Peer 1: 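The structure's right below; bear with me while I get my questions together.
Letters go in sequence order (proteins before strands), and every chain restarts at 1. These figures come from a predicted structure and were not determined experimentally.
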There are 2 protein chains.
Amino acid sequence: MRLSLGFILRPFPRIKPPSCPPLQRRYTDMASTVNKVAHPFDKTRFDATLNRRFFYAPAFEIYGGVAGLYDYGPPGSALQANIIDQWRKHFIIEEGMLELDTTIMTPSSVFETSGHVARFADWMVKDTKTGDVLRADHLVKNVLEARLAGDREARGLAAAPPSDDKKKKKKGAKAVAVKLAGEVVKEYDTILAQLDNYDGPALGELCRKYDIRNPDTDNEVGEPQQFNLMFQSSIGPTGQHKGYLRPETAQGHFLNFNRLLEYNNGRVPFASAQIGRSFRNEISPRAGLLRVREFTMAEIEHYVDPEDKSHPRFKEVKDISIVLLDRDVQEAGSSQTRSLTIGEAVDKGVIANETLGYFVARIYLFLINIGINPQRLRFRQHMANEMAHYATDCWDAEIQNATGWTETGTPLVVRQALKEPIITEKEVPEWNKKVLGKNFKKDAAVIQQIVDSLDEPSLLKLKGELAQGSTIVKSEDGREFTLTSEVVAIERKVFKQSIREFTPNVIEPSFGLGRILYTLLEHSFWSREQDVERGVLSLPPVVAPTKVLIVPLSAREEFDPLVQEISSKLRKAGVFSRVDDSNTSIGKRYARNDELGTPFGLTIDFASIQNRTVTLRERDTTDQRIGSIDEVIATVTDLVFGAIDWDEACQRLPAYDGVQAVAE
Amino acid sequence: MRLSLGFILRPFPRIKPPSCPPLQRRYTDMASTVNKVAHPFDKTRFDATLNRRFFYAPAFEIYGGVAGLYDYGPPGSALQANIIDQWRKHFIIEEGMLELDTTIMTPSSVFETSGHVARFADWMVKDTKTGDVLRADHLVKNVLEARLAGDREARGLAAAPPSDDKKKKKKGAKAVAVKLAGEVVKEYDTILAQLDNYDGPALGELCRKYDIRNPDTDNEVGEPQQFNLMFQSSIGPTGQHKGYLRPETAQGHFLNFNRLLEYNNGRVPFASAQIGRSFRNEISPRAGLLRVREFTMAEIEHYVDPEDKSHPRFKEVKDISIVLLDRDVQEAGSSQTRSLTIGEAVDKGVIANETLGYFVARIYLFLINIGINPQRLRFRQHMANEMAHYATDCWDAEIQNATGWTETGTPLVVRQALKEPIITEKEVPEWNKKVLGKNFKKDAAVIQQIVDSLDEPSLLKLKGELAQGSTIVKSEDGREFTLTSEVVAIERKVFKQSIREFTPNVIEPSFGLGRILYTLLEHSFWSREQDVERGVLSLPPVVAPTKVLIVPLSAREEFDPLVQEISSKLRKAGVFSRVDDSNTSIGKRYARNDELGTPFGLTIDFASIQNRTVTLRERDTTDQRIGSIDEVIATVTDLVFGAIDWDEACQRLPAYDGVQAVAE
């Protein structure tokens with residue numbers, strides 16, 4: 001935290017809504033009669049489904065693609081927009097946060113001051129022969145994990161994967177059935193448990209000690225070097241102003257702190273929030289949406305008095321139970337988690353204070369609400385060397401997916417307060433106010449403002465001109481003023497940014513929306529017991545891209561008036577629907593929409609024309625009910641907004657036992 | 001349009017909602033008893049208000065600022081989010097468009113193919129002595145306009161502005177009272193009317209012919225040179241992959257065209273839509289939000305059969321009357337507009353076809369709906385040389401503001417269809433399928449896929465290795481396959497992208513949200529007749545950052561339960577409210593929120609505690625009504641969602657004549 005503030009501490013602001021909303025019943029629990037684990041999760045089928053339905057796809061495919069860049073198609077965009085909408089309601093509106101929208105392009109001086117130019121980097125190694133670039137920690141991890149897998153195979157603890165089964169194996173290092181000494185296995189396990197704790201030289205030492213080579217070529221790798229992850233560019237036509245694309249939105253919050261504080265009537269604590277794109281030039285991104293070079297993130301900066309980290313709404317969340325993996329456990333080489341209530345965790349000092357605990361709980365509630373499986377969610381504390389250069393404490397919300405426990409891009413960082421004065425040197429104008437006033441009278445203020453707002457190069461130019469006699473400055477309205485060194489001198493000064501009366505701590509919950517979206521899709525994906533080929537995405541209605549699919553028996557004109565009536569009534573009720581009248585069976589159209597995660601379907605058939613009835617289909621159970629158009633619309637609206645669940649809907653509408661062509 | 005397609009033309013897709021929503025009554029018409037034009041629009045006061053209330057501010061102010069970059073504060077962010085929300089409803093949902101979210105970082109090959117690397121540029125000139133860079137067309141405009149102003153002054157047609165009144169004068173060229181010959185005035189007027197039609201050499205000629213110099217130095221300027229407006233960067237750790245930040249989102253649509261077409265079941269016409277950030281490295285941006293280097297835009301690409309540009313919903317909009325300024329009129333040196341209905345404009349051929357007319361009307365309805373003044377809105381057609389390199393026709397929605405008629409960043413472009421075949425040369429693998437199958441059996445497909453997906457440099461490397469005997473390729477799961485030239489040869493081939501059966505035309509409505517936001521603010525700003533200092537922003541409730549302000553008489557605890565009850569009830573009704581219990585008079589708190597555009601206020605006083613009544617205040621009239629808490633909440637909810645207007649609210653609630661401290 002590089003803020004220099006001099007404001008007064010006031011009581012907690014009054015913008016507080018009455019209470020946290022109750023934890024919504026998870027939609028995926030609704031249809032509990034369905035066996036969703038009949039088939040093990042199949043990553044290949046899952047990826048193929050997402051690609052076929054255009055949730056997302058590698059960007060620039062027709063140009064050969066660029067690693068780490070993805071485009072979201074219609075269902076992915078809608079899902080992302082719905083997650084953002086929930087995020088905005090859960091955090092910004094519910095907690096009365098101050099929203100910002102700041103620029104991505106940032107002059108280099110900002111990131112020089114923040115330490116990013118010097119330290120926002122990963123360690124990379126080069127293949128000594130081919131020059132291929134690898135991320136050092138990923139290399140060590142891949143090679144050691146492959147050796148451990150080979151060891152288990154040699155001991156008969158794991159079956160060798162069939163050599164042509166490419167689905168089951170990961171890229172990179174190959175497992176070869178070689179037995180390792182017991183203590184070597186132990187060493188490897190310990191290294192892997194605290195891998196994030198190694199810096200570059202230590203990673204280099206590991207490569208030498210354990211003969212870790214580029215698995216693609218079997219060549220040795222060189223000494224780890226730092227690679228800065230910020231994309232660089234140049235602002236303006238002269239090419240002299242270096243800029244970076246922001247790697248996080250945080251600087252945009254901090255630079256506006258004084259304005260935000262004023263907007264909040266001078267009171268702390270308060271929080272700013274921002275949803276926007278950030279960029280990291282990853283060394284060799286290979287993990288789909290889990291590691292990308294461009295991503296939408298949502299960040300909160302909650303400013304709190306370091307002397308008082310209590311939170312007025314802590315009692316509302318203290319009984320929520322969460323799974324924690326703290327720093328001490330990991331530094332002892334273990335990954336043993338424990339389950340605690342938020343209240344217990346703060347009492348025991350596992351979580352440092354109430355405010356931090358409150359945010360852990362709120363993040364947990366948000367993730368569950370959009371459909372993340374709570375059984376596969378834990379909070380892991382960063383180890384000392386693992387944290388970003390600006391952090392003093394950090395908790396990651398980690399979610400289990402097919403590749404193990406992965407950070408979801410929701411780190412909860414405590415940024416460090418200013419500990420030592422920052423010393424900077426710069427050119428500043430020194431005014432002779434008397435002469436200035438005498439010479440320029442009422443224009444004095446204008447002139448002073450012009451010169452005071454000049455940047456360093458312009459001030460240096462001015463300094464040169466003053467040294468040679470005089471200089472001319474121009475006002476916005478084009479008037480010219482001649483200045484001499486009698487009026488103003490440009491001098492180089494040293495500034496010490498001393499510690500002020502009060503520097504707030506900052507708690508920074510940060511959400512990588514792509515990772516959350518991907519994991520949510522993975523948690524939602526399953527196949528029908530009777531048919532492994534039929535993928536289903538059990539997205540909760542609150543985030544599903546389309547809420548209701550309208551399916552006329554055919555594209556014949558006689559169904560048009562009913563299709564239009566139902567679309568219109570749903571739109572008025574605020575329910576987003578789509579019509580599918582493509583020339584294929586109703587069963588196939590529903591199957592397509594099961595893969596798109598559409599929770600409800602309305603079928604319009606000849607009975608609809610005769611009796612004004614429609615059938616309502618639920619995605620997970622494929623159960624169908626029947627009722628009048630208005631009854632069904634009222635029921636599906638209540639379902640979409642979570643007012644009732646499917647069991648309640650079934651009490652309202654009788655089962656459909658029709659014989660028309662609704663074969664699944 | 002650089003698409004190569006081979007799909008079949010089908011009927012218009014069925015995703016059609018029943019009808020356009022009726023044009024909403026403009027909120028600003030509601031309180032028509034208020035004299036909003038008592039004071040002329042004061043740009044200085046307006047800018048000061050926006051800055052003080054943190055709608056937006058120059059980015060990186062504490063680092064001296066960077067021209068053309070702005071941060072949005074809480075009210076600006078909320079206003080922008082509300083405009084985007086309306087846009088999404090008006091276009092994406094209402095028209096069933098396919099939403100996309102594609103990457104900003106783009107490999108250079110994409111913009112080489114699209115023509116942007118060669119042609120997406122502005123003409124700049126350099127001051128021959130100082131090297132200062134100026135945009136050539138802006139220089140010509142500023143200097144000629146200043147000379148015309150000086151001429152009017154010399155003829156006594158305009159008063160000389162007082163020399164110290166910096167508010168009234170623009171930056172740059174200064175008007176000096178010099179009379180011009182009559183024919184010179186005419187020449188200048190003609191040049192200015194078609195300035196957008198001049199290219200670089202022609203602008204250079206103007207500078208020489210009319211002795212146009214840098215007004216800041218009076219030095220001559222050099223020959224105009226092109227400056228590419230795209231920000232450049234480099235992707236990945238090797239520094240070898242050049243990338244650009246997109247200057248528009250269009251390429252992201254086109255590159256995904258085939259996937260979108262498939263998603264739409266192969267049917268055209270259809271539209272894709274995207275809201276996102278784009279970047280243009282402007283030469284010297286000086287016009288606030290009207291010309292920035294980074295901006296949020298919303299773009300639509302509507303794909304239509306060039307043989308059939310009818311639109312099934314055209315009849316719904318054909319009677320809407322709009323003001324047009326067409327190409328022919330401008331090329332004759334005039335700016336004479338005419339008012340036509342959309343139907344007449346298409347009949348007369350002023351607007352080329354129904355689909356284009358439909359979009360002009362829909363853009364008009366959108367802008368009016370969010371609060372743009374229809375009296376200050378016109379559609380101007382681009383002249384031939386003015387259009388972007390990819391356009392064949394273009395209409396700008398122009399809005400009048402304090403600086404005149406300005407394009408609002410909502411051009412409606414018709415992109416050109418592919419006219420000539422594109423010829424490209426590249427390395428391609430040529431397989432001997434027989435040998436491949438015989439040697440590798442079921443792995444043949446895997447191998448072929450690996451090689452086919454290699455990029456040009458990798459293919460060249462492979463070519464070299466094959467020439468020397470053999471090469472090894474690796475599958476994703478790490479298996480190795482040895483290939484010889486018997487199996488595959490890498491050959492350089494020429495590809496001719498021939499014209500397919502059908503290449504769609506593309507209509508591209510594009511919205512620069514910052515410009516719309518700025519103009520909306522300007523159209524909404526006025527001062528109370530009795531007090532010029534009190535700015536009011538009459539934003540319609542649909543886009544206002546905060547809908548309801550809750551104002552307890554003081555921050556005393558006794559008001560807390562009512563504040564919480566009302567906040568909670570409003571939140572349940574979906575109405576975004578804020579509490580202001582700061583330590584200042586109710587009148588001052590309302591004045592602050594008038595500047596923030598908050599349309600309604602609820603005052604909680606001692607009567608509220610005794611009788612459960614609250615007063616409801618309307619921003620524009622400052623009229624106050626009184627009712628029970630639930631009555632007032634129901635009324636304000638109907639007001640916010642546009643179900644009733646203020647006159648109707650007044651019929652429900654009696655006027656407030658209380659004497660408590662509600663002094664304005």
Peer 1: Tell me, for A/Glu99 versus chain B, whether the close heavy atoms (under 4.5 Å) come from the side chain, the backbone, both or neither.
Peer 2: both

Peer 1: Above 12 or not: heavy atoms from other molecules or residues under 6.0 Å from NZ of B/Lys474?
Peer 2: yes

Peer 1: Let me know if B/Leu454 has heavy atoms under 4.5 Å from chain A in its side chain, its backbone, both or neither.
Peer 2: neither

Peer 1: Under a 4.5 Å heavy-atom cut-off, does chain B meet the side chain of A/Asn51, its backbone, both or neither?
Peer 2: both

Peer 1: Is A/Tyr56 in contact with chain B via its backbone, its side chain, both, or neither, using a 4.5 Å heavy-atom distance?
Peer 2: neither

Peer 1: Given that the side chain runs from C-beta out, which part of B/Phe279 has a heavy atom under 4.5 Å from chain A: side chain, backbone, both or neither?
Peer 2: side chain

Peer 1: Side chain, backbone, both or neither: which part of A/Thr106 has an atom under 4.5 Å from a heavy atom of chain B?
Peer 2: both

Peer 1: Counting only heavy atoms closer than 4.5 Å, note whether A/Gln80 contacts chain B via side chain, backbone, both or neither.
Peer 2: side chain

Peer 1: Which answer fits A/Pro285, side chain, backbone, both or neither, if we ask what part of it has an atom under 4.5 Å from a heavy atom of chain B?
Peer 2: neither

Peer 1: So which part of A/Ala78 gets closer than 4.5 Å to some heavy atom of chain B, the side chain, the backbone, both or neither?
Peer 2: neither

Peer 1: For B/Glu61, is it the side chain, the backbone, both or neither that has a heavy atom under 4.5 Å from a heavy atom of chain A?
Peer 2: side chain

Peer 1: Is A/Phe231 in contact with chain B via its backbone, its side chain, both, or neither, using a 4.5 Å heavy-atom distance?
Peer 2: both

Peer 1: Do any N or O atoms from the side chain of B/Ser77 and from the backbone of A/Asp101 form a donor-acceptor pair under 3.5 angstrom?
Peer 2: yes

Peer 1: At a 4.5 Å cut-off on heavy atoms, which part of A/Ser234 comes close to chain B: side chain, backbone, both, or neither?
Peer 2: backbone

Peer 1: For A/Ala273, is it the side chain, the backbone, both, or neither that has a heavy atom closer than 4.5 Å to a heavy atom of chain B?
Peer 2: neither

Peer 1: Can you say whether A/Arg88 sits under 4.5 Å from chain B via the side chain, the backbone, both, or neither, judging by heavy atoms?
Peer 2: side chain

Peer 1: Can you find a pair of side-chain heavy atoms, one from A/Val292 and one from B/Thr103, that are under 4.5 Å apart?
Peer 2: no

Peer 1: Select one option (side chain, backbone, both, neither) describing which atoms of B/Arg592 are under 4.5 Å from chain A's heavy atoms.
Peer 2: side chain

Peer 1: Quick check on the interface: out of B/Val133, B/Thr584, B/Asn256, B/Val66, who has the most heavy-atom pairs with chain A under 4.5 Å?
Peer 2: B/Asn256

Peer 1: Pick one of side chain, backbone, both or neither for A/Met105, based on which atoms fall under 4.5 Å of a heavy atom in chain B.
Peer 2: both

Peer 1: Check this for me: A/Glu112, atom CD, are more than 12 non-hydrogen atoms of other residues, nucleotides or ligands nearer than 6.0 Å?
Peer 2: yes

Peer 1: Tell me, side chain or backbone of B/Asp85 under 4.5 Å from chain A's heavy atoms, or both, or neither?
Peer 2: neither

Peer 1: For the interface with chain A, which of B/Pro107, B/Gly73, B/Ser582 has the highest count of heavy-atom pairs at distances below 4.5 Å?
Peer 2: B/Pro107

Peer 1: Does any backbone or side-chain atom of B/Leu134 lie under 4.5 Å from a heavy atom of chain A? Answer side chain, backbone, both or neither.
Peer 2: neither

Peer 1: What part of A/Val110 is in contact with chain B, defined as an atom under 4.5 angstrom from a non-hydrogen atom: side chain, backbone, both or neither?
Peer 2: both

Peer 1: By a 4.5 Å heavy-atom criterion (distance strictly below it), what part of B/Arg293 contacts chain A: side chain, backbone, both, or neither?
Peer 2: side chain

Peer 1: So do A/Leu596 and B/Tyr263 actually touch side chain to side chain, heavy atoms under 4.5 Å?
Peer 2: yes

Peer 1: Mark yes or no for whether A/Ser233, through its side chain, and B/Ser233, through its backbone, hold a donor-acceptor pair below 3.5 Å.
Peer 2: no

Peer 1: Go through the atoms of A/Asp580 and report whether side chain, backbone, both or neither lie under 4.5 Å from a heavy atom of chain B.
Peer 2: side chain

